[in-house]
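Step one of this worksheet: look at the structure below.
Letters go in sequence order (proteins before strands), and every chain restarts at 1.
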There are 2 protein chains.
Amino acid sequence: MLTIGQLASYAGVTVRTVRHYHAKGLLPEPERDRSGYRRYGAAAVVDLVRIRTLADAGVPLSRVRELLAADDEEFGAAVEDIDRRLLAEIRERQAHRERIAQLAAGDSLALPPEVVAYVDRMRELGFGERLVEIERDSWILIAAQMPEQVGPWMAMKQAQLEDESLRRLYLDVGDLVDCGPDDPRLPALADRVAAFIEAATAAAEGAEEEHPVNDDLVALLDAAFVESFPGAVRMLELLEQRGWTGWTNIRRRTPAAGASAPPAGC
Amino acid sequence: MLTIGQLASYAGVTVRTVRHYHAKGLLPEPERDRSGYRRYGAAAVVDLVRIRTLADAGVPLSRVRELLAADDEEFGAAVEDIDRRLLAEIRERQAHRERIAQLAAGDSLALPPEVVAYVDRMRELGFGERLVEIERDSWILIAAQMPEQVGPWMAMKQAQLEDESLRRLYLDVGDLVDCGPDDPRLPALADRVAAFIEAATAAAEGAEEEHPVNDDLVALLDAAFVESFPGAVRMLELLEQRGWTGWTNIRRRTPAAGASAPPAGC
DNA sequence: CTTGACCTTGACGTCGGGTCAGGGTTGCAG
DNA sequence: CTGCAACCCTGACCCGACGTCAAGGTCAAG
């Protein structure tokens with residue numbers, strides 16, 4: 001007669017595993033000797049090896065019992081089922097590998113390549129690191145919410161970056177990072193932003209909404225803007241005085257205005 | 001300001017997940033409003049998306065924190081590490097798929113093809129189903145303990161099965177399944193077994209031990225023999241009287257005997 | 001007799017959350 | 001004003017397949 005340790009060693013498992021199978025009802029509890037030790041016969045080794053054979057093939061223990069008792073047809077169906085699960089798990093891991101390889105290649109995390117190129121270009125053009133990070137975070141939010149919109153929207157932003165006068169405006173807006181709510185530069189900056197939006201709106205006259213942006217996302221991006229720039233609230237007030245409301249998706253303050261401007265910045 | 005539900009929805013996760021990340025220290029606990037609700041800013045959405053990006057790439061949560069804070073070099077090393085783990089898990093699943101496909105094809109479980117052929121041949125030759133199952137279980141034990149020995153040993157057994165007189169002996173030994181300890185057929189059967197072993201031992205004179213079988217395995221197989229056949233104990237006694245001891249690896253009873261016989265049966 | 005290796009039961013930890021239970025809060029409609 | 005639904009809170013248990021103590025009893029050898 002075998003002790004639990006001998007049984008386990010014959011089957012190449014741990015003692016704990018054998019007891020686990022007892023608790024799960026996979027392996028019947030054997031007789032005990034007078035001191036309470038479990039005593040097994042050779043048949044238990046066969047049972048245990050059979051269980052391990054299935055378990056080693058990736059069969060969940062909860063299904064092992066049915067498989068041990070199954071006829072050929074049931075067995076085949078169960079095997080097919082388990083194979084599907086294994087295949088799904090493999091594919092999941094493969095997708096994980098691809099994603100993590102992309103992460104290792106990109107700037108920070110989870111950004112599509114266009115965005116990486118964009119923030120790199122910002123650095124080249126002398127935008128401050130803090131500003132670049134804020135911009136990047138905004139694009140993380142956008143990519144999480146509307147990944148399919150990132151491409152076209154990004155193309156527009158990249159073009160704007162290459163426009164010299166617009167770039168100077170952006171660089172100055174970037175100084176909002178440093179300036180408090182009462183900074184004397186703010187009113188003039190608001191004037192320039194308003195003038196640009198005015199022109200952009202006129203140019204887009206009659207055109208359809210280019211980027212149908214979710215209102216929730218716009219609100220979130222505006223909130224991010226306010227959180228990141230100490231002067232942002234003041235800037236929004238100044239724009240409000242000049243007839244504009246919002247930031248990410250800036251619009252005329254009058255409710256009658258139907259046309260909307262393209263997003264101004266993030 | 002966002003509630004936990006809004007935050008979760010922006011990041012595409014459940015509320016429970018956000019709280020889980022708080023508990024794990026991955027995401028800082030935000031301020032509470034006067035009724036105890038958590039209130040988040042837009043930055044929390046960015047943090048959460050970053051965490052999910054890593055988690056979705058298969059990074060264990062326990063490593064997410066270090067990766068979020070890692071520089072490029074550390075990040076690359078960690079990614080490599082995680083990729084290795086993913087690859088190992090994929091290979092594990094692939095091995096599982098192969099094994100389970102083999103199981104679906106074979107007789108019962110986990111037997112190498114030679115053994116499947118052997119037990120099929122036994123059925124063809126008229127061995128009783130009970131006996132065949134006992135034989136198969138014995139081979140499960142052998143294959144679990146010494147898989148590399150199964151091939152050569154099996155070849156010998158298959159040859160024995162095709163020897164007419166030997167086959168008759170086997171068939172009669174198989175009747176042990178039915179006969180009790182006092183069955184009148186037993187002494188004559190013991191004589192025949194002893195005669196065969198005598199001849200086999202003489203033929204193998206001077207030859208080296210063909211199959212170096214683990215003593216523990218022999219004991220286990222003998223135990224399985226005794227458990228399966230009610231007349232087995234008596235048979236062993238009768239063989240003992242005739243100068244032989246054991247069954248699986250039967251040997252002369254005298255301790256001086258150096259030569260050993262090939263395994264007689266299972 | 002001691003020592004160390006074995007056995008017993010019981011309970012907690014792993015990983016990433018899902019799913020109650022039991023109660024308080026908010027916001028909107030009637 | 002009052003429902004009511006939808007949200008929020010904490011705390012707790014659940015899954016799988018065991019690993020890992022803890023605290024104590026048993027066995028074989030020196």
Side-chain angles (χ1 to χ4, degrees), chain A residues 1-27 29-40 44 48 50-68 81-82 85-86 88-89 92-93 96 216, chain B residues 1-27 29-40 44 48 50-68 81-82 85-86 88-89 92-93 96 216:
Chain A
M1 297 297 273
L2 309 172
T3 67
I4 195 172
Q6 292 168 323
L7 168 67
S9 129
Y10 274 128
V13 302
T14 68
V15 170
R16 179 70 179 89
T17 298
V18 176
R19 287 202 268 252
H20 186 60
Y21 293 169
H22 286 320
K24 287 256 159 181
L26 287 179
L27 195 63
E29 281 276 2
E31 304 286 303
R32 307 296 183 107
D33 65 14
R34 71 191 181 293
S35 60
Y37 288 17
R38 294 177 179 84
R39 290 294 173 173
Y40 299 88
L48 184 50
R50 268 206 262 258
I51 293 170
R52 282 313 303 176
T53 302
L54 289 171
D56 287 343
V59 177
L61 294 191
S62 54
R63 305 203 58 179
V64 164
R65 201 168 2 180
E66 70 182 83
L67 257 75
L68 285 175
D81 194 46
I82 288 156
R85 183 178 59 76
L86 289 171
E89 290 179 4
E92 190 185 345
R93 262 78 178 175
H96 284 169
D216 286 346
Chain B
M1 298 298 273
L2 309 172
T3 67
I4 195 172
Q6 292 168 324
L7 168 66
S9 132
Y10 275 127
V13 302
T14 68
V15 169
R16 176 70 178 90
T17 298
V18 175
R19 287 202 269 250
H20 187 61
Y21 293 169
H22 285 321
K24 287 255 159 180
L26 289 180
L27 194 63
E29 281 275 3
E31 303 287 303
R32 307 296 182 107
D33 66 14
R34 72 189 181 294
S35 59
Y37 288 15
R38 294 178 180 85
R39 290 295 173 172
Y40 300 88
L48 185 50
R50 268 206 262 257
I51 294 170
R52 282 312 305 176
T53 301
L54 289 171
D56 287 343
V59 177
L61 293 191
S62 54
R63 304 203 59 180
V64 165
R65 201 170 4 185
E66 71 182 82
L67 256 75
L68 285 175
D81 193 44
I82 288 156
R85 183 179 57 77
L86 288 172
E89 289 178 6
E92 189 184 344
R93 263 80 177 173
H96 284 170
D216 285 346

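- Distances shown here put every side-chain N or O of B:Arg38 at or beyond 4.0 Å from the OP1 or OP2 atom of D:dC8.
- With sequence neighbours excluded, no residue forms a side chain to side chain donor-acceptor pair (under 3.5 Å) with B:Ser62.
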Contact pattern, 5' to 3', of nucleotides 1-6 of chain D - B, S or - by protein heavy atom under 4.0 Å: ------
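- Among residues two or more places apart in sequence or in another chain, the side chain to side chain donor-acceptor pair (under 3.5 Å) test is passed with B:Tyr10 by none.
- Every residue was checked against the ring pair (Phe, Tyr, Trp, His ring centres under 6.0 Å) condition with B:His20, not counting sequence neighbours, and none meets it.
- The phosphate of D:dT10 has OP1 or OP2 within less than 4.0 Å of a side-chain N or O from B:Arg32.
- When rounded to the nearest whole Å, the span between CD1 of B:Ile4 and P of D:dC9 equals 5 Å.
- Using a 4.0 Å heavy-atom criterion, one finds that A:Arg34 contacts the sugar-phosphate atoms exclusively.
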List the protein contact pattern of nucleotides 13-24 of chain C with one symbol per nucleotide (5' to 3'): B for base contact, S for sugar-phosphate-only contact, - for none; contact means a heavy-atom distance under 4.0 Å. ---BBBB----B
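- Between B:Asp216 atom CG and A:Leu2 atom CG the span is 9.5 Å, to the nearest 0.5 Å.
- Every pair passing salt bridge (Lys or Arg N to Asp or Glu O under 4.0 Å) that includes a residue from residues 55-65 of chain A is listed here, sequence neighbours excluded: A:Arg52-A:Asp56, A:Arg63-A:Glu66, A:Arg63-A:Asp81.
- Listed by chain and number, the residues in a side chain to side chain contact (heavy atoms under 4.5 Å, CB included) with A:Arg34 amount to none (sequence neighbours excluded).
- The side chain to side chain contact (heavy atoms under 4.5 Å, CB included) check on B:Arg39 picks up B:Met1, B:Thr3, B:Asp33, B:Tyr37, with sequence neighbours excluded.
- Between the P atom of D:dA17 and the CG atom of A:Asp56 lies a distance of 12 Å, rounded to the nearest Å.
- Atom CZ in A:Arg19 sits about 10 Å away from atom C1' in C:dC6, given to the nearest Å.
- In this structure, the CE atom of B:Met1 is 17 Å from the C1' atom of C:dT26, given to the nearest Å.
- Five base pairs at each end of the helix from C:dC1-D:dG30 to C:dG30-D:dC1 define two local axes, and these are offset by 30° (rounded to 10°).
- Within the nucleic acid shown, B:Arg39 has no heavy atom closer than 4.0 Å to any nucleic acid atom.
- Atoms CD1 (A:Ile51) and P (D:dA17) sit 12 Å apart, rounded to a whole Å.
- In this structure, CZ of A:Arg65 is placed 12 Å from P of D:dG16, rounded to the nearest angstrom.
- With sequence neighbours left out, the side chain to side chain contact (heavy atoms under 4.5 Å, CB included) criterion links B:Glu31 to no other residue.
- Rounded to whole angstrom, the span from the OH atom of B:Tyr40 across to the C1' atom of D:dC7 amounts to 14 Å.
- Judged as a side chain to side chain contact (heavy atoms under 4.5 Å, CB included), and not counting sequence neighbours, the contacts of A:Val18 are A:Ile4, A:Leu7, A:Ala8, A:Val13, A:His22, A:Leu27, A:Tyr40, A:Leu48.
- In this structure, CD of A:Gln6 is placed 12 Å from C1' of D:dC27, rounded to the nearest angstrom.
- Considering CD1 of A:Ile82 and CG of A:Leu54, their distance stands at 7.5 Å, rounded to 0.5 Å.
- A:Tyr21 places none of its side-chain heavy atoms less than 4.5 Å from the side chain of A:Val64.
- A:Arg19 is linked by a side chain to side chain donor-acceptor pair (under 3.5 Å) to nothing, counting only residues two or more places apart in sequence or in another chain.
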